[in-house]
Amino acid sequence: MPSPSAATRSPVLHGRDTEQDALLRLLDAARRGSGGAAILRGARGTGKTALLDLAAAHAGGTDNPGGTGGTGGFVVLRVRGTEAESHLPYAGLHGLLRPVTDRLPALPPAQAEALTRALELGAADGGLTLPAAVLNLLAAAGGPVLACVDDVHHLDAPSRAALFFAARRLAGEPVVLLFGADDGGDGGAAAPDDIPAFELGALDEKAARRLADDLVPGLADDVRASLLEIACGNPLALGELARSLSPEQISGVAAPPGTLPRGGRLWRAYTDRLARLPGETADMLLLLAADPDLETVTLADAAEPECAPAALEPAERAGVIVHVGGGGAGAGAGDRYDFREPAMRTVVYAGASLARRRAAHRLLAGMLCHDHQRLRRAWHRAAAMDGPAESLADELAAAAAAATSPGGHPATFLAFERAAELTEHGDVKAARLAAAANRAWHAGLPRRARSLLTRLQSLTISEEVRSQAELIRGSLEMRSGKTGSAGEDLLAAAESLLDRDRGQAVRVLIRAGEASYLAGDNLRYLDMARWAATLRRPDDPAATQLMFEYLAGTAATFDGRHREAADPLRRVLELAPSVRTPSVLVWAGVASLLLGDDAQAVRLCGRAVETARARGAVSTVPQVLEFMINAELWMGRYASITASAVEGLRLAQERGRPNSAGQHLGWLALTAAVEGDEETCAIRAASAIELAGAHGVCVAGALGTWALAHLDLAAGRHADAAKRLRATTRADGTSGHLVVRVMSTPLFVEAAARTGDRERAGEALRVLDRWVGSTRSPDRRALATRCHALLAAPGDAEEYFRAALDLHHQGFSEFETARTQLLFGSALRRNRRPGAAREHLHSALETFERSGARLWAEQARAELRGAGEAVRSHRPKATEKLTAQQYQIARIVADGATNREVAARLFLSPRTVEHHLRNIFAKLDIRSRVELVRLMS
């Protein structure tokens, strides 16, 4: 059965699309006379009550438990089980059915008598009379009925039995019965397996981020990350944490909370459950809380072996912990226990006394004796204060420096930070704080990194530590701050490093150059490259030689000296195999891109992404994807561009890289423009341009402007497109980026030629020709040749167009081939050769329709009609008002896909799909997916 409209879902219940759809389908079925039942099962705080509230709101339009009637046309009955009444027979039925006892006379006398006796006296005879009476009363309640039973595990057993009896027999009855049950312990046993159930797990990271942003708009990235880590995907935990924040914590000035709020609902619920466990079990749970990676074999060794299994059993029976099966080499490797509700971990740890915590850490430190456990052992020794503070600090810092991965427990930035806290000597303390800031930055916590760097200001530090801090600060600014100040910090760091570490100094120079590239400051980039050239030595190692060649080749390219750039760029590719670092793969990819070998650039950037992931350096992936997208654009691979940009945007937002996020928004605006999705393009472009102005990321603003110009040209607004692209420099950073300006030249030439500005079009084409002429890329040469066709005399244009098509057929870009065919067909039609024009226009139309390029397809159809051929759209007429992306979503939904499946296929978020569906339903004046299926067919 088709899902209900996304427009009816609650925007507050993030990450619960499947459950919302299922509940709304049940309500729709009950309206048609045949309902059903469902159990919502999950840990405390996972949204069971919120989903029941949603169902009640849609069914009855009332939030009052036990209320009846309402705008939804349902009789709404509600009850919540409580431990205090769980021993009272039929207390649950009494609470649920009291509002409809006036319907008892409609039942057979025996059933009415049995139900009255149960509700008034809490007594009943055995047999089917009472359960049947419950079912019949619900069915006779005066319309469709929704009965919601929250915390069913606390309901008295006789009431549960009668309601489950009814729940199994609702086919053909206008009744929906919904139950909320806690997962694990008694809650899991209270819900039978033969009633459909939905397991409410933790929210995924996207949904949790959206919920946090809804709860506290403008939340600092690092604070949000801390809340998500503590809440572990539990919506109630996230809500309680959000409400506990002070204004200083919200802004990131003060440290975020370290645990759930004491006295909150979850804290009280967890501590109540923990208080019922034996003392030796509580001791074992504290060990699990102190080390999330603790394996069962170590846990058993940490306690008296004969006591360990017995001590864990009460916690497992109570649903506090679960056994996580292991694998790998060695007995028990990876085999461990974990908290069933991860948010409980911080409560167990924070609720223990300092003496108990230190004793637990001391015990664990003694058990972790293998080399790969070095960092964890040092962490536990430092937490236990098991020795002189300076010695513990040295041990912890050395272990953190030797760690090969930033993940796991503890995070390396926390280890360095703790080591700094235990260190008295100013310069050593500062070096450890700088190392902590660097690791926090690479972990995607820029505000935490800045906070750690701020603590350096109160210390007397050496020149070496100062240059290290400048390097970190410059990197932070380049990716999440102001690109202009980033270049200054990085240049200062490079100068101070030059005498101590030339290789590192040159690497930092490249970063400073990248900051200038992002800011669109071409002159500064050239100045840095000239300075770098004076530093070269004949005896430089291969890695340093490669970096010098990279700077020389990119600078020559940006200066228009393309033939001079070719040799150093090829030298980068020759040296790359001898230097095994991820950054070299990126530089080699950029060299390939500038030389016109886009396929090789994509391969090298792909390897760089894989290497970064394998090394745990996920934060660098968005930057690598920027260069991969650049190459994919020349190849016309718009589906791949969308996928890469969606991933890059997600990672950039998660890892605190707004400047990279701006570029990915720009690329996504361009792909929306290609599809003719004006609304999405405008939103994404505006976001990219706004971010560019705030952070000085000229490249992001230029991409957004390019996307809007593409949209203008596709819609036939040639003057608007030319005006957008004609600007060369502006203070707000929205255009003027050299590389983007060259890449968008084919678009500008087309727009300028249509508006008669042939002089400026010719100037732009000469710049493009100089670069294209230095490459062997057929895709680039085809675009330049097409530009010459547009500016050629009428008698010469055809020769250029045919040459451009020959080059296109040697390259990769089907979309740009179709664009050339459209322009050539249009020219032939204007020259009164409609027969020759139709061949090219048909081919272009086929490609545009296959690509979902709505506006370009409309242009091709218009040209075909002008060439004397009647052409109609393959779309149903009623859907022609939809944008290309909206039509694509409508078509997939009509085929039966859920919102989540649509999102996965189109590389969108489920929330974006919901937004588009609301607009689709409004434009088509329909209310359900059933109507959409009928219309689309």
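Heads up: numbering here begins at 1 and tracks the sequence. Hydrogens, waters and symmetry mates play no part in the numbers below; they use all other heavy atoms, side chains included.
Shown here is D272, whose CG atom has more than 12 heavy atoms of other residues, nucleotides or ligands within 6.0 Å. With a 6.0 Å radius and a threshold of 12 heavy atoms from other residues, nucleotides or ligands, R265 has its CZ atom at or below the threshold. For R98, the CZ atom counts as loosely surrounded, since its 6.0 Å shell holds 12 or fewer non-hydrogen atoms of other residues, nucleotides or ligands. Counted within 6.0 Å of CG on L88, heavy atoms from surrounding residues, nucleotides or ligands total more than 12; the atom is thus considered enclosed. Within 6.0 Å of CD on E229 lie no more than 12 heavy atoms contributed by other residues, nucleotides or ligands.
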Point to revise | Working for side chain to side chain contact (heavy atoms under 4.5 Å, CB included), residues L146 and V175 | key: CA-CA 6 Å; L146 170 65; V175 178; over 6 Å; no

Review point. Please walk me through it: do L274 and M344 pass side chain to side chain contact (heavy atoms under 4.5 Å, CB included)?
Key: CA-CA 10 Å; L274 294 169; M344 187 183 285; 4.0 Å; yes

Point to revise | Derivation of the salt bridge (charged side-chain N to carboxylate O under 4.0 Å, His left out) call for R210 and D213 | key: CA-CA 5 Å; R210 291 201 302 269; D213 290 339; over 6 Å; no

Exercise for review: Please test L932 against L924 for side chain to side chain contact (heavy atoms under 4.5 Å, CB included), starting from the C-alpha separation and ending with a verdict.
Suggested key: CA-CA 8 Å; L932 181 62; L924 301 182; 3.9 Å; yes

Point to revise | Full working for side chain to side chain contact (heavy atoms under 4.5 Å, CB included) between E113 and T129 | key: CA-CA 9 Å; E113 182 182 352; T129 306; over 6 Å; no

Check your understanding: What's the verdict on salt bridge (charged side-chain N to carboxylate O under 4.0 Å, His left out) for E205 and R209, showing C-alpha distance, side-chain angles and the deciding distance?
Key -> CA-CA 6 Å; E205 188 166 0; R209 284 173 60 89; 5.2 Å; no

Review point. Going through the distances and angles, do E341 and R273 end up as a salt bridge (charged side-chain N to carboxylate O under 4.0 Å, His left out)?
Key: CA-CA 12 Å; E341 300 176 42; R273 288 172 66 183; 2.8 Å; yes

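Proximity of T82 to D151: side-chain heavy atoms (C-beta onward) are nowhere separated by under 4.5 Å. Contact of the D338 side chain with the I321 side chain is not registered, since no non-hydrogen atoms from C-beta on lie closer than 4.5 Å. You'll find the side chain of V347 reaches within 4.5 Å of the side chain of T271, heavy atoms only. In this structure the side chain of I195 reaches within 4.5 angstrom of the side chain of F164, judged on heavy atoms. Considering only heavy atoms from C-beta on, D150 stays 4.5 Å or farther from V79 through its side chain. In this structure the side chain of L245 reaches within 4.5 angstrom of the side chain of L227, judged on heavy atoms. Residues T680 and H916 form a side-chain contact, since some pair of their non-hydrogen atoms from C-beta on lies under 4.5 Å apart. The side-chain heavy atoms of L178 and V149, taken from C-beta on, include no pair separated by under 4.5 Å.
Remark: S86 engages no residue in a side chain to side chain contact (heavy atoms under 4.5 Å, CB included) (not counting sequence neighbours). By the side chain to side chain contact (heavy atoms under 4.5 Å, CB included) test, L135 is found to be paired with A166, R169, L170, residues two or more places apart in sequence or in another chain being considered.
Residues N136 and Q111 have side chains that bring a donor and an acceptor to within less than 3.5 angstrom of each other. With no hydrogens or angles considered, no side-chain donor-acceptor pair links H87 and D156 at under 3.5 Å. Under the 3.5 Å distance criterion, with hydrogens and angles disregarded, no donor-acceptor pair is assigned to the side chains of E675 and Y638.
Formation of a donor-acceptor pair under 3.5 Å by the S34 side chain with backbone atoms of G172 is found in this model. In this structure, the side chain of R854 engages the main chain of G676 through a donor-acceptor pair within 3.5 Å. A donor-acceptor pair under 3.5 Å is absent between the side-chain atoms of R340 and the main chain of V320, judged by distance alone. Between the side chain of R103 and the main chain of L137, no donor-acceptor pair closer than 3.5 Å is present. Side chain of N234 to main chain of R44: a donor-acceptor pair is present (N/O by atom type, distance under 3.5 Å, no hydrogens or angles). The backbone N or O of T46 lies less than 3.5 Å from a partner atom in the side chain of R16, making a donor-acceptor pair. S159 places a side-chain N or O within 3.5 Å of a backbone atom of L93 that can act as its donor or acceptor partner. R78 places no side-chain N or O within donor-acceptor distance of the main-chain N or O of C148, the cut-off being under 3.5 Å. A donor-acceptor contact shorter than 3.5 Å links the side chain of S244 to the backbone of L241. Panel note: side chain Q20, backbone L13; a donor-acceptor pair is recorded below 3.5 Å.
R929 and T898 make their closest contact through NH1-CA, 4.3 Å (heavy atoms, listed as atom of the first residue, atom of the second, distance). Shown here for F165 and L128, the closest heavy-atom pair between the two residues is CE1-CD2, 3.7 Å. Closest of all the heavy-atom pairs between Q249 and P256 is NE2-C, 3.8 Å. Closest approach of A202 to C232, counting heavy atoms only: CB-O, 3.4 Å. For the pair G35 and V176, the tightest heavy-atom approach, listed with the atom from each and the gap, is CA-CG2, 4.5 Å. P144 and A30 get closest at one heavy-atom pair: CB-O, 4.2 Å.
Atom CG in D17 sits 6.0 Å away from atom CG in N899 (nearest 0.5 Å). One finds the CG atom of L51 at 5.5 Å from the CG atom of L40 (value rounded to the nearest 0.5 Å). Summarising the geometry, atom CG belonging to L155 is positioned 7.0 Å from atom CZ belonging to R160; distances are rounded to the nearest 0.5 Å. For the atom pair Y90 OH and L97 CG, the distance stands at 12.0 Å (nearest 0.5 Å). Note: K206 NZ to R650 CZ = 6.5 Å, rounded to the nearest 0.5 Å. We find the CZ-CG distance between R168 and L177 to be 11.5 Å, quoted to the nearest 0.5 Å.
Of the residues K48, H154, R41, the one that meets the side chain to side chain donor-acceptor pair (under 3.5 Å) test with D182 is K48.
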